[in-house]
Peer 1: 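Got a structure here, written out as structure tokens. Questions coming.
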Amino acid sequence: MGNKIRAAITGVHGYVPEHVLTNADLEQMVDTNDEWIRTRTGIQERRILKEPGTASSDLGARAVQGLLEKTGTSPDEVDFIICATATPDMMFPDTANIIADKVGIKNAFAFEVNAACSGFLTALLTAAKYVEAGMYKKVVVVGADKMSAITDYTDRSTCILFGDASAAVLLEPTAQELGVMDAVMHSDGSGREYLYLKGGGSLHPASHETVDKKWHYIYQDGRPVFKAAVQGMADAVREVMSRNGLQPADIDWVVPHQANRRIIEAVANMMDFPLERVMINIHKYGNTTTATIPLCLWEWENQLKKGDNLMLTAFGGGFTWGAIWVRWAYDVQAG
Ligand code: UT7
């Protein structure tokens, strides 16, 4: 039996806008305070894309451009690009096509996936399957979200949470036991009543009424989402671990979606993962939706070693959630 082809992550790059929105800034905008935000969410500041005329595709293009440069990949070599986003530039054409155009990727199959905060995992798993099938060999998976475009900065329950960012990984085939090893993804559409943006789609096309009712902004009923997120992420991680015979000590790094530091700590606690092995950067960037997980990989890249077992996990709107076991494929120093 020949070795199974797997999809290895062979590079990662992130981009965050320069403008910093601090908790002190938010204190001037809504009835909130730094202490509440830090203790309830762990967030201290987030980045906001301020340049006029820029969108999620610009965030995504900056991450992808950096990824191609750092991995020595020519845009012509990329044969597939998936963009995960909850804030597409427009209804269509989709954001993956626009990013491809902006970075000069001309020979690629490109499409967007929308699975809210689970978007990066959904895109990564989708891309991995195309690689495993032998169809594509240089694949870009990018998460890009301009959350500030759908955030109501008069709603204190949501505006403190979100930030703008993007990050991308390169996937390539390998015959070694590296890369995307296994995954469990779930969805439950009945969760849509707790986390949504209802205006502008085919159910509630944009109108004066949808604008007046603020239906073009994100709505979240935080408590039920919090509860479902902790349970969903812990269950998905447990499922992947048990069917692969993995123990907590086998996992070198947990890479959770960054929605709330308390959610991350609760999941780590339930799973017996020491916090030193859990990537957390929510204090700097807030919840950047599809960018959180690759942004962590980018920030921790120098500490990762070939063969490290990573457990990626996310929960988001839909509800959608899951976990992906990735075996890291390279050492930065050796390269
Ligand atoms: O990424 C997609 C998935 N999303 C998530 O996983 C997010 C899940 N949810 C959460 O992270 C949390 O529910 C939140 C951070 C959104 C909210 O935290 P919470 O501990 O669930 O607070 P709460 O909504 O139950 O509100 C507690 C109190 C309320 O006041 P009363 O009713 O107790 O008097 C709120 O009005 O805190 C008040 N509050 C605030 N106070 C100061 C809500 N937002 C704020 C604020 N500043 N920004």
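Just so it is clear, the model here is predicted, and its values are computed rather than measured. In what follows, residues are counted from 1 in the order of the sequence shown. Each ligand, and each atom within it, is numbered from 1 in the order the structure gives.
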Peer 1: Hey, does the side chain of Thr320 reach the backbone of Ala115 with a donor-acceptor pair shorter than 3.5 angstrom?
Peer 2: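 Yes; judged by distance alone, with no hydrogens or angles, the pair exists.
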Peer 1: Mind checking whether Val30 contacts ligand 1 via backbone (N, CA, C, O), side chain (CB onward), both or neither, at a 4.0 Å heavy-atom cut-off?
Peer 2: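 Near ligand 1, Val30 shows nothing, with every heavy atom at 4.0 Å or more.
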Peer 1: Short check: is a protein heavy atom less than 4.0 Å from atom 20 (O) of ligand 1?
Peer 2: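 It does: a protein heavy atom is found less than 4.0 Å away from atom 20 (O) of ligand 1.
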Peer 1: For ligand 1, which atoms, with element, lie under 4.0 Å from some heavy atom of Ile160?
Peer 2: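 This gives 48 (N) as the contact atoms.
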Peer 1: Please state which protein non-hydrogen atom is closest to atom 36 (O) of ligand 1 and give its distance, to 0.1 Å?
Peer 2: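 Of every protein heavy atom, Arg156 NH2, 2.9 Å lies nearest to atom 36 (O) of ligand 1.
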Peer 1: Please state which protein non-hydrogen atom is closest to atom 27 (C) of ligand 1 and give its distance, to 0.1 Å?
Peer 2: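 Protein heavy atom at minimum distance: Arg40 NH1, 3.5 Å.
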Peer 1: Quick one: look up the protein heavy atom nearest atom 46 (C) of ligand 1 and list residue, atom name and how far away it is.
Peer 2: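 Closest protein heavy atom to atom 46 (C) of ligand 1: Thr32 OG1, 3.3 Å.
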Peer 1: Please work out which of Glu27, Gln220, Glu35 has its closest non-hydrogen atom nearest to atom 7 (C) of ligand 1.
Peer 2: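 Result: the heavy atom closest to atom 7 (C) of ligand 1 is in Gln220.
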Peer 1: Measure the shortest side-chain to side-chain distance between Thr289 and Phe120 over non-hydrogen atoms and say whether it is less than 4.5 angstrom.
Peer 2: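 When only atoms from C-beta onward are counted, Phe120 and Thr289 do not touch, as no gap falls below 4.5 Å.
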Peer 1: Would Lys129 and Glu132 pass as an ion pair if we require N to O under 4.0 Å?
Peer 2: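 Answer for the salt bridge query: yes.
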Peer 1: In plain terms, say whether Lys138 and Glu172 are close enough for a salt bridge, that is, a side-chain N and a carboxylate O under 4.0 Å apart.
Peer 2: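 Judged by the 4.0 Å cut-off on N to carboxylate O distance, Lys138 and Glu172 do form a salt bridge.
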Peer 1: List every atom of ligand 1 that sits less than 4.0 Å from any heavy atom of Thr41, numbering the atoms from 1 in the order shown and giving each element.
Peer 2: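 In order of numbering, the contacting atoms are 15 (C).
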Peer 1: Provide, to 0.1 Å, the distance between atom 3 (C) of ligand 1 and the closest protein heavy atom, together with that atom's residue and name.
Peer 2: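 Minimum-distance protein heavy atom for atom 3 (C) of ligand 1 reads Val225 CG1, 3.7 Å.
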Peer 1: Using ring centroids (six-membered ring only for Trp), state whether Tyr219 and Tyr217 fall under 6.0 Å.
Peer 2: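 Aromatic pair excluded; centres sit 6.0 Å or further apart.
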Peer 1: Would atom 29 (C) of ligand 1 count as contacted, meaning some protein heavy atom under 4.0 Å?
Peer 2: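 When distances to the protein are checked, atom 29 (C) of ligand 1 has no heavy atom within 4.0 Å.
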Peer 1: Tell me the protein heavy atom at minimum distance from atom 2 (C) of ligand 1, and give that distance in Å.
Peer 2: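 Here the closest protein heavy atom is Cys117 SG, 3.2 Å.
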Peer 1: Pick whichever of Trp36, Tyr194, Trp321 has a heavy atom sitting closest to atom 41 (N) of ligand 1.
Peer 2: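 Heavy atom nearest to atom 41 (N) of ligand 1 belongs to Trp36.
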Peer 1: Among all protein heavy atoms, pick the one closest to atom 18 (O) of ligand 1 and tell me residue, atom and distance.
Peer 2: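 Result for atom 18 (O) of ligand 1: Arg262 NH2, 3.7 Å.
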Peer 1: Which ligand 1 atoms, with their elements, are less than 4.0 angstrom from a heavy-atom of His257?
Peer 2: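 In order of numbering, the contacting atoms are 1 (O).
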Peer 1: Look at the rings of Tyr136 and Phe80 and say which category their plane angle falls in: under 30° parallel, 30 to 60° tilted, over 60° perpendicular.
Peer 2: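 The rings of Tyr136 and Phe80 sit tilted, inter-plane angle from 30° to 60°.
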Peer 1: Look up atom 34 (O) of ligand 1 and tell me if a protein heavy atom lies less than 4.0 Å from it?
Peer 2: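 Protein heavy atoms within 4.0 Å of atom 34 (O) of ligand 1 - there are none.
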Peer 1: For the residue pair Trp328 and Tyr330, is the inter-centroid distance of their aromatic rings smaller than 6.0 Å?
Peer 2: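 Yes, the ring of Trp328 comes within the 6.0 Å limit of the ring of Tyr330, centre to centre.
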Peer 1: For atom 23 (P) of ligand 1, what is the closest protein heavy atom, and at what distance to 0.1 Å?
Peer 2: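 Residue, atom and distance for the closest contact: Arg223 NE, 3.8 Å.
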Peer 1: Is there a donor-acceptor pair closer than 3.5 Å between any side-chain N or O of Arg47 and the backbone N or O of Asp164?
Peer 2: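 Side chain of Arg47 to backbone of Asp164, a donor-acceptor pair under 3.5 Å: no, none is there.
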Peer 1: If the contact criterion is a heavy-atom separation under 4.0 Å, does Ile263 count as touching ligand 1?
Peer 2: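 It does, in that a heavy atom of Ile263 comes within the 4.0 Å cut-off of ligand 1.
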Peer 1: I want to know if ligand 1 touches Gly222 in the polar sense, i.e. an N/O pair below 3.5 angstrom.
Peer 2: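 Checking ligand 1 against Gly222, an N or O pair does fall under 3.5 Å apart.
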Peer 1: Which bit of Phe226 gets closer than 4.0 Å to ligand 1, counting heavy atoms only: side chain, backbone, both or neither?
Peer 2: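 For Phe226, the contact with ligand 1 is made by both the backbone and the side chain.
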Peer 1: Is there a polar contact, in the sense of an N or O pair closer than 3.5 Å, between Asn260 and ligand 1?
Peer 2: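 Between Asn260 and ligand 1, an N or O pair is found under 3.5 Å apart.
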Peer 1: For the residue pair Ala234 and Met270, what are the closest heavy atoms and their distance?
Peer 2: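 Where Ala234 meets Met270 most closely, the heavy atoms are CB-CE, 3.8 Å.
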Peer 1: If you count heavy atoms of other groups shown closer than 6.0 angstrom to CZ of Arg243, is the number above 12?
Peer 2: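 For Arg243, atom CZ is crowded (more than 12 foreign heavy atoms under 6.0 Å).
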Peer 1: Check whether any side-chain heavy atom of Leu295 sits under 4.5 Å from a side-chain heavy atom of Thr288, and report yes or no.
Peer 2: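 When only atoms from C-beta onward are counted, Thr288 and Leu295 do touch, with a gap below 4.5 Å.
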Peer 1: Using a strict 4.0 Å threshold on nitrogen-to-oxygen distance, state whether Glu77 and Lys137 make a salt bridge.
Peer 2: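 Result for this pair is no, no salt bridge flagged.
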